Amino acid sequence: MDKVSIFEVGARDGLQNEKAVSTQDKVSLIHELADSGVRRIEAASFVSPKWVPQMADSAVVMDQIERKPNVQYSALTPNLKGLEAAIAANVDEVAIFGSASEAFSQKNINCSIEESIARFKPVMEKAKQHGLPVRGYVSCVLGCPYEGEVAISEVVRVAELLHDMGCYEISLGDTIGVGTPFKAKAMLEAVTQSVSVNKLALHFHDTYGQALANIAMCLETGITTFDSSVAGLGGCPYAKGASGNLATEDLVYMLHGMGLQTGIDIQSLAQAGDKICKALGRTNGSKVALTLLN
Ligand code: HMG
Ligand code: MG
């Protein structure tokens, strides 16, 4: 059976936009994700605590988790200060995050796209010195909460810049979940003209309920890496109205049903998602989990 790679972002993209939970709840979630077979976990975000207070305990989370040797624990690092904190916390990989939309770049990281690329360069260099793989995100690949339509040429340009800087993988983010299947596939195909499909990931928020359909369509390009969030946690603090990422349980159910292998035990994943939802006092955002746990 063919294998796909799930990059679980619930503990970061999810929890950054939920009301704060205890450090212990985060640590337990990360343990349970790893126990359910998730091998790539975005566990922390070394951003300004003034901007995203929910992630302020990232160093403590990294310190308290018991690591499994076959799991990659990664963190967002917008600048050198973030990278230094991530190195001190002994993360396995880091991620820089840019945008295909100028307005979103300003709102999210307080600088233009060009300034962000300049800011990422020393981050890349230092990460390389420390042997840390760097992932690159491009936000707003299918639309922007401030600018509306985003030109595919801008998505390609920013993805190419991040790739050429040395990011080992570029994750294409539909930050506000507005994409639909034909548009998603056209965007991905355009990017694959510059960056090989095996270095790309799809990161679809599910605001309009399109993420699964978009992924199903994009599978035709040969893409095999998908970001998702257990229980559909989260959203984006700088993208008003954006709901959480596609729920990992829903994605895993679809992929398994299509004969693709994820290595994830869906039942224990659903339990992990349900536990964190209870801690948050929130409804579970995964239809599959709601059904499995019924
Ligand atoms: P800034 O205010 O322009 O930065 O913010 P600055 O360098 O002028 O520093 C201002 C203050 O922040 C200083 O503190 C710094 O020390 C501190 P003060 O002197 O005022 O006390 N600071 C930091 N503290 C901790 N860690 C750091 C750090 N850097 C500066 N790394 C900055 C620029 C990038 C820091 C800020 O805009 C920021 O933190 N933005 C992060 C926003 C964010 O986390 N957004 C969500 C993640 S992205 C996302 O969700 C999209 C994604 O999922 C893909 C998709 O869906 O599209 C990835
Ligand atoms: Mg996101």
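Counting starts at 1 for both ligands and their atoms, in listed order. Everything numeric here is computed off the predicted structure, so don't read it as measured data.
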Residue H203 atom name (nearest to the Mg ion (ligand 2); N/O/S): NE2
[X] and ligand 1 - part of the residue with a heavy-atom distance under 4.0 Å:
{"X": "D13", "value": "side chain"}
{"X": "T175", "value": "both"}
{"X": "D174", "value": "neither"}
{"X": "P78", "value": "side chain"}

Run down the list [options] and name the one with the heavy atom closest to [atom].
{"atom": "atom 27 (C) of ligand 1", "options": "F46, W51, F97, F104", "value": "F46"}
{"atom": "atom 3 (O) of ligand 1", "options": "N110, V141, V123", "value": "N110"}
{"atom": "atom 33 (C) of ligand 1", "options": "L80, I96, I109, T77", "value": "I109"}
{"atom": "atom 50 (O) of ligand 1", "options": "E84, Q54, Q16", "value": "Q16"}
{"atom": "atom 51 (C) of ligand 1", "options": "S48, C140, S139", "value": "S139"}
{"atom": "atom 16 (O) of ligand 1", "options": "R12, K50, H203, K81", "value": "K81"}

Contacts of type ring-ring contact (aromatic ring centres under 6.0 Å, His included), residue F46, not counting sequence neighbours: none
Which of the atoms of ligand 1 are close to [X], meaning less than 4.0 Å from one of its heavy atoms?
{"X": "V52", "answer": "43 (C), 44 (O)"}
{"X": "G82", "answer": "31 (N)"}
{"X": "N79", "answer": "27 (C), 28 (C), 29 (N), 30 (C), 31 (N), 35 (C)"}
{"X": "L76", "answer": "47 (C)"}
{"X": "P49", "answer": "24 (N), 25 (C)"}

Chi angles and distances behind the side chain to side chain contact (heavy atoms under 4.5 Å, CB included) call for N90, R67: CA-CA 11 Å; N90 199 23; R67 310 213 189 169; 4.1 Å; yes
When you check the gap from the basic side-chain N to the acidic O, do [X] and [Y] get nearer than 4.0 Å?
{"X": "K199", "Y": "E160", "value": "no"}
{"X": "K128", "Y": "E125", "value": "no"}
{"X": "K185", "Y": "E189", "value": "yes"}

Side chains of H203 and N245 in contact at under 4.5 Å (non-hydrogen atoms): yes
H205 N/O under 3.5 Å from ligand 1 N/O: yes
Qualifying residue for side-chain contact (heavy atoms from CB on, under 4.5 Å) with V71, from D35, I30, I41: I41
Of D274, D250, T248, T291, the residue whose pairing with S286 passes side chain to side chain donor-acceptor pair (under 3.5 Å): D250
Given E42, E169, Q72, the one that forms side chain to side chain donor-acceptor pair (under 3.5 Å) with R135: E169
Angular separation of OD2 (D13) and NE2 (H205) seen from the Mg ion (ligand 2), to 10°: 100°
NZ or CZ of R12 within 45° of Y137 ring axis and under 6.0 Å: yes
ring-ring contact (aromatic ring centres under 6.0 Å, His included) contacts in which one or both residues fall within residues 148-185, not counting sequence neighbours: none
